[in-house]
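Here is the structure we will look at.
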4 protein chains.
Amino acid sequence: MAASREELIKGYRVSEILDATRRVIGRRGFEGATIDRVADEAKVAKGTIYLYFATKEALLHAAVTEGFRANIAELSANGAATENPVERIKSIVRQQFRQLDSNKDFLKAVILDSSFVNFNAGDPLSVELRELFITYLDFLASVLKEAIERGAIRPIDPQLGAFMLNEMIIGTLRRRLLQLTDSPLEADEEAVLELFLKGLQTAPCN
Amino acid sequence: MAASREELIKGYRVSEILDATRRVIGRRGFEGATIDRVADEAKVAKGTIYLYFATKEALLHAAVTEGFRANIAELSANGAATENPVERIKSIVRQQFRQLDSNKDFLKAVILDSSFVNFNAGDPLSVELRELFITYLDFLASVLKEAIERGAIRPIDPQLGAFMLNEMIIGTLRRRLLQLTDSPLEADEEAVLELFLKGLQTAPCN
Amino acid sequence: MAASREELIKGYRVSEILDATRRVIGRRGFEGATIDRVADEAKVAKGTIYLYFATKEALLHAAVTEGFRANIAELSANGAATENPVERIKSIVRQQFRQLDSNKDFLKAVILDSSFVNFNAGDPLSVELRELFITYLDFLASVLKEAIERGAIRPIDPQLGAFMLNEMIIGTLRRRLLQLTDSPLEADEEAVLELFLKGLQTAPCN
Amino acid sequence: MAASREELIKGYRVSEILDATRRVIGRRGFEGATIDRVADEAKVAKGTIYLYFATKEALLHAAVTEGFRANIAELSANGAATENPVERIKSIVRQQFRQLDSNKDFLKAVILDSSFVNFNAGDPLSVELRELFITYLDFLASVLKEAIERGAIRPIDPQLGAFMLNEMIIGTLRRRLLQLTDSPLEADEEAVLELFLKGLQTAPCN
DNA sequence: GATGAATGAGCGTTCATTCAT
DNA sequence: AATGAATGAACGCTCATTCAT
């Protein structure tokens with residue numbers, strides 16, 4: 001089980017390169033993420049990258065997937081199931097805002113270039129990314145489902161709800177990136193939760 | 001003010017080229033939208049495009065902007081103010097779904113590659129696009145505002161509400177493009193409206 | 001039927017590039033024939049080559065094929081059928097020596113790198129080259145066949161004879177290129193003819 | 001003179017590597033013979049190859065030279081001088097066909113890419129290969145010379161004859177590799193001998 | 001001696017942009 | 001105004017060679 005010395009070094013190199021990749025993506029976008037720039041940023045020769053990644057596409061996917069996976073892991077770790085279901089949803093949304101906000105540059109690129117999360121049935125890399133996304137949505141959906149079962153929220157399709165909740169979170173960040181608001185992040189968080197949970201319409205007492 | 005003959009011809013050329021550009025974007029994505037292909041599609045020489053657009057970027061921006069502008073115009077034309085405010089919102093959302101769905105290919109590219117709608121304060125092209133987007137959001141916000149004033153919906157920040165409504169519409173289409181759902185478009189429309197208007201939480205009679 | 005001005009220019013460019021290609025092949029071999037060097041030699045930008053040839057392979061094949069085709073055409077034009085069949089063979093061999101000798105550098109590369117004339121059933125370029133070679137062998141074979149029919153030479157498989165005759169011609173030049181002989185070209189010519197026509201064995205009067 | 005233990009080991013390593021090199025050449029051609037692949041095939045690290053060979057070129061030359069040398073040695077060992085001279089020639093030709101045919105893959109590459117046997121006066125590697133080739137031709141020439149002296153064949157330049165005989169053998173194999181014939185190897189052997197010994201021309205009893 | 005990770009020059013190819021016609 | 005041939009910087013990728021371990 002113990003990783004050998006070489007494996008450690010290799011892991012370190014891979015991380016270094018993936019970190020550099022994310023930094024470059026954050027700084028220049030996907031379009032501007034060239035192998036040359038990643039190599040420069042990682043202080044490594046161009047050829048070295050090809051020792052660890054077969055193609056540029058594989059490199060970018062690995063960088064995105066890793067960032068994505070870490071985000072999901074962190075999120076899943078959160079929230080004891082004993083909580084009030086609505087509080088749990090709130091807690092997850094707030095945590096998600098924190099996490100996304102702290103990786104600004106890289107996530108800005110990912111959020112703004114969702115073509116990368118595009119789905120191309122033939123391409124194994126895109127299939128992997130899509131599956132990861134589904135894992136994340138499933139997690140959100142399971143939280144919603146429990147809340148529905150416990151009567152805390154209205155019975156809607158949990159998958160649809162999960163997708164929309166994610167869109168609202170991402171959308172809020174997009175809105176900030178586009179400088180369409182100057183309200184503090186916390187205010188946006190609460191507004192999203194309010195909107196998602198209560199909707200807009202004034203409730204006729206039903 | 002009267003457009004001269006030359007200006008008419010020029011306008012015709014420009015819109016031919018922009019149409020071709022959108023067709024190419026729809027067919028091959030932003031990545032695959034090369035000047036060569038646009039020229040081919042517009043049945044015009046490559047050099048001709050540079051008579052009307054300074055750079056490739058300017059061309060793409062113009063194509064997107066124009067498509068966007070047409071969409072807004074069509075939407076704004078809709079809906080007499082006399083309607084029930086909630087019905088008006090519903091009507092606008094439904095129309096938006098129709099419009100987006102009927103321009104599938106081009107909009108698929110725009111939706112999936114929103115990096116293009118990025119905001120780069122230094123870049124006049126991106127500033128223009130942002131302003132257009134704001135115009136659209138202002139229109140949606142004005143509709144929401146009226147509904148608020150008439151007590152039809154809860155008093156929230158209309159700009160935020162407008163942004164989120166748009167995100168939910170776009171998100172729904174994105175979800176379809178990612179093949180995460182196979183429900184009919186109409187069902188998705190109604191789910192979005194339901195969610196947007198009523199929220200998720202079971203309403204304690206307030 | 002008249003070639004337009006553009007076609008003439010295009011043809012000129014193509015010739016220029018093919019000539020340059022052959023010069024580079026002659027100077028640096030197939031291995032050393034890079035697009036950069038051909039572009040330099042043709043005094044043309046790298047990209048220009050790709051206006052006329054889809055790939056490097058296509059360029060090299062065109063250069064070889066053209067040189068080859070010209071050689072065959074020149075050869076076929078030769079020799080009135082009325083001649084004495086053996087004299088005709090001699091005349092063809094002598095002409096072939098002249099032609100090959102005058103294109104030394106390029107042909108040196110082709111002769112020395114017959115891998116290029118290799119046959120790869122899947123590759124249309126290699127198929128074309130092979131067919132051209134067969135055309136050439138067929139021509140030689142037809143000459144041999146006529147000589148056989150007229151009783152001037154022994155009845156052997158004309159295709160085999162043609163191939164071997166060619167090998168002997170090429171071999172002679174190869175021998176000179178390897179500097180394994182310093183006899184004058186004419187002497188080699190006659191020796192080849194002598195060997196090809198009479199063989200080595202002292203003839204028991206049969 | 002006695003080889004030390006180290007020298008033995010070293011010799012073993014070297015021939016392992018050269019064998020691997022020939023296998024790789026046979027499988028992927030000269031073009032495809034990379035140091036990586038040779039190292040893999042020899043189950044040796046890439047760097048190890050550079051302990052024994054200064055450059056890739058030196059490695060390939062050594063591999064070819066060694067294969068060539070073995071062929072010559074085997075051939076020279078053959079044939080008691082007491083035989084009938086013409087029979088000896090026949091026997092040598094037949095043996096050569098056998099040997100070449102049994103090393104098909106490697107020799108296919110060498111035959112088809114004779115640029116490698118090129119002669120570049122400045123390059124010591126090519127000089128060595130050329131000298132080896134001359135040794136081989138000298139051997140063939142000595143056989144021819146003896147036959148001439150014993151009146152078995154016509155008095156021609158033995159060096160020329162040797163070169164041409166070799167060309168005819170190689171050519172026959174080339175013809176098979178190009179798939180220009182489907183006759184059995186034995187038939188080709190006899191045709192070559194027939195042609196080489198008797199020539200084409202119907203013999204006027206001289 | 002043996003290793004293989006690291007290097008970087010060099011390759012074939014693309015494509016936005018220019019400019020002589 | 002319109003053309004499209006020409007350009008060349010930039011790209012992703014390969015591979016012979018080096019060198020710290």
Side-chain angles (χ1 to χ4, degrees), chain A residues 5-6 9-10 12-14 17 31-40 42-60, chain B residues 6 9-10 13 31-40 42-60, chain C residues 5-6 9-10 12-14 17 31-40 42-60, chain D residues 6 9-10 13 31-40 42-60:
Chain A
R5 191 177 143 68
E6 285 88 29
I9 290 178
K10 179 171 169 165
Y12 179 64
R13 263 292 138 84
V14 167
I17 293 174
E31 195 96 327
T34 68
I35 293 285
D36 265 286
R37 292 211 253 254
V38 170
D40 267 18
K43 278 169 191 153
V44 142
K46 224 179 352 175
T48 302
I49 290 174
Y50 284 90
L51 292 177
Y52 300 101
F53 300 95
T55 64
K56 182 201 177 188
E57 235 209 325
L59 170 68
L60 294 186
Chain B
E6 284 91 27
I9 290 178
K10 180 169 167 168
R13 264 286 145 85
E31 195 95 329
T34 67
I35 294 284
D36 263 282
R37 292 211 253 253
V38 170
D40 264 21
K43 278 169 191 153
V44 144
K46 233 185 332 181
T48 304
I49 290 175
Y50 282 87
L51 293 176
Y52 300 103
F53 301 93
T55 65
K56 183 196 177 192
E57 236 209 323
L59 170 68
L60 295 185
Chain C
R5 192 177 143 67
E6 285 90 28
I9 290 178
K10 179 170 169 165
Y12 179 64
R13 263 292 140 84
V14 168
I17 293 173
E31 195 96 329
T34 67
I35 293 285
D36 264 288
R37 291 210 254 255
V38 170
D40 266 17
K43 279 170 192 151
V44 142
K46 226 176 352 170
T48 302
I49 290 174
Y50 284 89
L51 292 177
Y52 299 102
F53 301 94
T55 63
K56 182 199 177 189
E57 235 208 325
L59 170 67
L60 295 185
Chain D
E6 283 91 27
I9 290 178
K10 179 168 168 167
R13 265 287 145 85
E31 194 96 327
T34 67
I35 293 286
D36 263 282
R37 292 210 253 253
V38 170
D40 263 21
K43 280 168 191 154
V44 145
K46 234 186 328 181
T48 304
I49 291 175
Y50 283 87
L51 294 176
Y52 300 103
F53 301 94
T55 65
K56 183 195 176 191
E57 235 208 322
L59 170 67
L60 295 184

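E/dA5 atom P lies 18 Å from atom OH of A/Y12, rounded to whole Å. Distance CG (A/D40) to C1' (F/dC11): 14 Å, rounded to an integer number of Å. Per the geometry, CD belonging to B/E57 stands 17 Å off P belonging to E/dC15, to the nearest Å.
Remark: side-chain polar atoms of D/K46 are not paired, donor with acceptor, to backbone N or O of D/D40 under 3.5 angstrom.
The minimum heavy-atom distance linking B/A45 with B/A39 is given by the pair C-CB, 4.1 Å. Nearest approach of A/V14 to A/F53, heavy atoms of both residues: CG1-CZ, 4.0 Å.
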* Summarise how protein sits on nucleotides 6-12 of chain E as a single string, 5' to 3': B when a protein heavy atom is under 4.0 Å from the base, S for sugar-phosphate-only contact, - for no contact. => BBB-BSS
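Using a 4.5 Å heavy-atom cutoff, the side chains of D/L59 and D/Y52 are not in contact. The shortest distance between side-chain heavy atoms of A/I49 and A/K56 does not fall below 4.5 Å. Contact of the C/L60 side chain with the C/E57 side chain is not registered, since no non-hydrogen atoms from C-beta on lie closer than 4.5 Å.
F/dT21 is paired with E/dA2 under the criterion used here, namely a Watson-Crick or G-U wobble arrangement in which both key atom distances are under 3.5 Å. In this structure, F/dT7 and E/dA16 make a Watson-Crick or G-U wobble pair, each of the two defining distances being under 3.5 angstrom.
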